[in-house]
There are 2 protein chains.
Amino acid sequence: MTRKPDSAAVAAWISLARAHRVAMCDVEARLKAADLPPLAWYDVLWELEKAGECGLRPFALEKALLFEQYNLSRLIDRMHKAGLVERCSCPDDRRGQTLHVNDQGRALRQRMWDVYGLAIAEIVGDRLDAAEAERLATLLAKLG
Amino acid sequence: MTRKPDSAAVAAWISLARAHRVAMCDVEARLKAADLPPLAWYDVLWELEKAGECGLRPFALEKALLFEQYNLSRLIDRMHKAGLVERCSCPDDRRGQTLHVNDQGRALRQRMWDVYGLAIAEIVGDRLDAAEAERLATLLAKLG
DNA sequence: TTGATATTGATGCAACTGCATCTATATTGG
DNA sequence: CCAATATAGATGCAGTTGCATCAATATCAA
């Protein structure tokens, strides 16, 4: 019993793969051109900034961003070494730690957003009106 | 003049990133579980199969699949070593080569499609009806 | 023709990812 | 309480990617 996808589903799939690749490559290239780190760093900084005072545990970040545990562990390491993120040992769970973004991290996130936000405006905003963008988000959300 | 994307564009962007990650991780995991190689191999095999007799030049594959030149070069190497792809030296351009899929490659692509096609059916087909899938493809195409 | 430039594809090296596994601590069941 | 199991996070190693650059051939302009 080999089930096959219909052609509309395949077309949507291919468009998803292609649109994602083109869009992400574009953004990553813009960041690199501005001497800024990759998008993943932005995601971490932004989650930590949203988390505020109390910070976030790595496993929470992992779930929020859908990163692999070992990738996140090393990414945090790099970001810590780059002076963007603080690791505080966790009083109530001595296996763990709490992550906090510092001023330098917040400043970097802002600089990244200047580039990233503009890219989103140009890649999405210029090509879809608000209603279309909303419909796109709704359709994509059904795939999650 | 820092231009900012509107919230609908940002929402679409985030959905795109998330839907893509979830969907691709799902498919890659299914392939791995079936002891099959990654999606990129499928793409190469399928392009070569579509190209037929005359095969394809690496630079053509590169454009078709939006791969980086150096990644493609090494991917072809691995696929050649795996006995899936033949490299024929090119009579009219001695810098280049022509790539052909062989029987083993075609057979592998078919086995991959059994898994991949089912995944598309379940991930897209089960969640969007044909009209929705078509609308999604249309919207995503505008981003390319 | 010939020298300058562009294109095709490969590759050395550093960075990153995936996998398996490890240590340390927490939780749970008896 | 204790042993068994689960969870948090780190890490060694192999495989892959990104970057820079190279060699070989093709194209183009004078």
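In the text below, chain A, chain B and the rest are named by the order of the sequence lines, each starting its count at 1. All heavy atoms count here, side chains included; hydrogens, waters and symmetry mates do not.
- For the OP1/OP2 pair of D:dG18 and a distance below 4.0 Å, the side-chain nitrogens and oxygens of B:Asn71 include at least one atom meeting the criterion.
- A salt bridge links A:Asp103 to A:Arg106: at least one charged side-chain nitrogen sits closer than 4.0 Å to a carboxylate oxygen.
- Side chain A:Gln69 to base D:dA8: no donor-acceptor pair is found below 3.5 Å.
- Residue pairs meeting the side chain to side chain donor-acceptor pair (under 3.5 Å) criterion with at least one member in residues 128-141 of chain A, sequence neighbours excluded: A:Glu132-B:Lys142.
- In the region residues 24-59 of chain B, proximity to DNA chain C at under 4.0 angstrom, judged on heavy atoms, holds for B:Lys32, B:Arg57, B:Pro58, B:Phe59.
- Summary for the helix from C:dT1-D:dA30 to C:dG30-D:dC1: the axes at its two ends, each from 5 pairs, differ by 30° when rounded to the nearest 10 degrees.
- Between A:Trp46 and A:Tyr116, the side chains place no donor N or O within less than 3.5 Å of an acceptor N or O (distance only, hydrogens not considered).
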Could you list the donor-acceptor pairs under 3.5 angstrom formed by side chains in residues 50-76 of chain B, with sequence neighbours left out?
residue, atom, partner, partner atom, Å
B:Lys50, NZ, B:Glu47, OE2, 3.2
B:Arg57, NE, B:Gln97, O, 3.1
B:Arg57, NH2, B:Asp93, OD2, 3.4

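- For the pair B:Leu143 and A:Leu136, the minimum side-chain heavy-atom distance is below 4.5 Å.
- Ion pairing between A:Arg3 and B:Asp126 holds under the 4.0 Å rule for side-chain N and carboxylate O.
- Distance B:Leu72 CG to D:dG18 C1': 15 Å, rounded to the nearest Å.
- For A:Ser73, a side-chain nitrogen or oxygen approaches OP1 or OP2 of D:dA10 to under 4.0 Å.
- Under the 4.5 Å side-chain heavy-atom criterion for Ile, Leu, Val, Met, Phe, Trp and Tyr, B:Val22 and A:Trp13 are members of distinct hydrophobic clusters.
- Straight-line distance from the CZ atom of B:Arg74 to the P atom of D:dG18: 10 Å, rounded to whole Å.
- Scanning both residues, B:Ala23 and B:Ile123, for their nearest heavy atoms gives O-CD1, 4.0 Å.
- Residues A:Leu108 and A:Leu36 are in side-chain contact: their nearest non-hydrogen atoms beyond the backbone lie under 4.5 Å apart.
- Cluster annotation: A:Trp113 is connected to A:Val101 through the hydrophobic network of ILVMFWY side chains, with a link wherever side-chain heavy atoms come within less than 4.5 Å.
- B:Leu45 and B:Leu39 fall within a single hydrophobic cluster, where Ile, Leu, Val, Met, Phe, Trp and Tyr are joined by side-chain heavy atoms under 4.5 Å apart, directly or via other members.
- When DNA chain C is scanned in the 5' to 3' direction for atoms under 4.0 Å from non-hydrogen atoms of chain B, the outermost contacting nucleotides are C:dT7 to C:dC19.
- Cluster annotation: A:Leu16 is connected to B:Val115 through the hydrophobic network of ILVMFWY side chains, with a link wherever side-chain heavy atoms come within less than 4.5 Å.
- Ion pair A:Arg87/A:Asp77 flagged as a salt bridge, since at least one NZ, NE, NH1 or NH2 atom sits closer than 4.0 Å to an Asp/Glu carboxylate oxygen.
- Nucleotide D:dG15 holds its C1' atom 13 Å from the CG atom of B:Leu75, rounded to whole Å.
- Atom CD of A:Glu68 and atom P of D:dG9 are 15 Å apart (whole Å).
- Only B:Arg78, B:Asp93, B:Arg94, B:Arg95, listed by number, bring a heavy atom of residues 76-101 of chain B to less than 4.0 angstrom from any atom of DNA chain D.
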